[in-house]
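In what follows, a structure is listed as structure tokens, so that the remarks can point back to it.
Just so you know, these numbers come straight off a predicted model, no measurement behind them. Heavy atoms only: backbone and side chains are in, while hydrogens, waters and symmetry mates are out.
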Amino acid sequence: MVKKKVNPFYKSTAWLKCRVLILERDHYLCQPCFRQDKLTTANTVHHIKPLENHPELALDEENLESICPTCHNKEHPERGKKKPEKGKKRRATVLKSPANPIEF
């Protein structure tokens, strides 16, 4: 799988400052969750109209919203499809062991 390069825009001073302003404006709450009456912490700022298609809206506050990782993955399902590495278990193994004997 080829990993897509991160757009250099996301490392720019203008974006980093704008990102903090949007998170503060939205009180670090995920706006899609908030619209469904759920309170979820947000750590990402999402472009409602994609940056690739609308570069003129890159720093437009009306095109930006705070969003949680779960909602962001729903918005970008193509980014969340990672295959588990071979040889690594994704679930915990439950072991059964007898209880210690009770001594009186």
Side-chain angles (χ1 to χ4, degrees):
M1 180 156 93
V2 178
K3 195 169 186 177
K4 189 177 177 181
K5 286 187 176 183
V6 175
N7 186 331
F9 167 77
Y10 291 113
K11 296 193 185 267
S12 71
T13 301
W15 169 251
L16 295 173
K17 286 181 179 180
C18 185
R19 179 185 175 279
V20 171
L21 287 172
I22 298 302
L23 287 167
E24 289 175 349
R25 177 197 72 189
D26 295 341
H27 304 287
Y28 288 83
L29 293 174
C30 175
Q31 297 306 293
C33 287
F34 191 71
R35 288 191 287 272
Q36 296 177 14
D37 297 324
K38 293 189 261 179
L39 293 178
T40 309
T41 303
N43 62 2
T44 302
V45 174
H46 173 68
H47 286 92
I48 299 164
K49 292 182 181 179
L51 177 64
E52 295 80 20
N53 301 338
H54 300 277
E56 72 281 5
L57 300 176
L59 300 172
D60 185 339
E61 293 181 21
E62 292 181 20
N63 188 47
L64 299 169
E65 67 180 352
S66 300
I67 194 167
C68 69
T70 301
C71 288
H72 201 235
N73 288 337
K74 288 177 188 174
E75 291 289 334
H76 298 287
E78 73 281 2
R79 295 181 189 171
K81 301 283 183 184
K82 291 185 181 178
K83 293 181 182 177
E85 293 179 35
K86 286 186 178 182
K88 288 195 175 186
K89 293 182 180 181
R90 297 192 47 87
R91 294 185 179 197
T93 302
V94 177
L95 302 174
K96 290 185 180 181
S97 67
N100 291 332
I102 300 174
E103 295 181 28
F104 292 98

**Message:** Take a 6.0 Å sphere around CD of Glu56 and say whether it holds more than 12 heavy atoms from other residues, nucleotides or ligands.
**Reply:**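 Atom CD in Glu56 is packed in, count exceeds 12.
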At what distance, to the nearest 0.5 angstrom, does [atom1] of [X] lie from [atom2] of [Y]?
{"X": "Ser12", "Y": "Arg19", "atom1": "OG", "atom2": "CZ", "result": "12.0 Å"}
{"X": "Glu61", "Y": "Arg25", "atom1": "CD", "atom2": "CZ", "result": "6.0 Å"}
{"X": "Glu24", "Y": "Ser66", "atom1": "CD", "atom2": "OG", "result": "10.0 Å"}
{"X": "Leu64", "Y": "Lys49", "atom1": "CG", "atom2": "NZ", "result": "12.0 Å"}
{"X": "Arg35", "Y": "Glu65", "atom1": "CZ", "atom2": "CD", "result": "4.5 Å"}
{"X": "Ile67", "Y": "His72", "atom1": "CD1", "atom2": "NE2", "result": "5.5 Å"}

Look at the side-chain heavy atoms of Ile, Leu, Val, Met, Phe, Trp and Tyr, link any pair under 4.5 Å apart, and say whether [X] and [Y] land in one connected group.
{"X": "Tyr28", "Y": "Leu21", "value": "no"}
{"X": "Ile22", "Y": "Leu57", "value": "no"}
{"X": "Ile48", "Y": "Phe34", "value": "no"}

Contact summary for [X] and [Y], nearest pair of heavy atoms:
{"X": "Thr40", "Y": "Cys33", "value": "OG1-SG, 3.4 Å"}
{"X": "Glu62", "Y": "Asp60", "value": "N-OD1, 2.9 Å"}
{"X": "Cys68", "Y": "Thr41", "value": "CB-O, 3.5 Å"}
{"X": "Thr44", "Y": "Leu23", "value": "O-CD2, 4.0 Å"}
{"X": "Leu16", "Y": "Lys11", "value": "CD1-O, 3.8 Å"}

**Request:** Hey, can you tell me if Trp15 and His47 have their rings parallel, tilted or perpendicular (30° and 60° cut-offs)?
**Result:**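 Judged by the thresholds at 30° and 60°, the geometry between Trp15 and His47 is parallel.
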**Request:** Please test Leu59 against Phe9 for side-chain contact (heavy atoms from CB on, under 4.5 Å), starting from the C-alpha separation and ending with a verdict.
**Result:** CA-CA 10 Å; Leu59 300 172; Phe9 167 77; 3.7 Å; yes
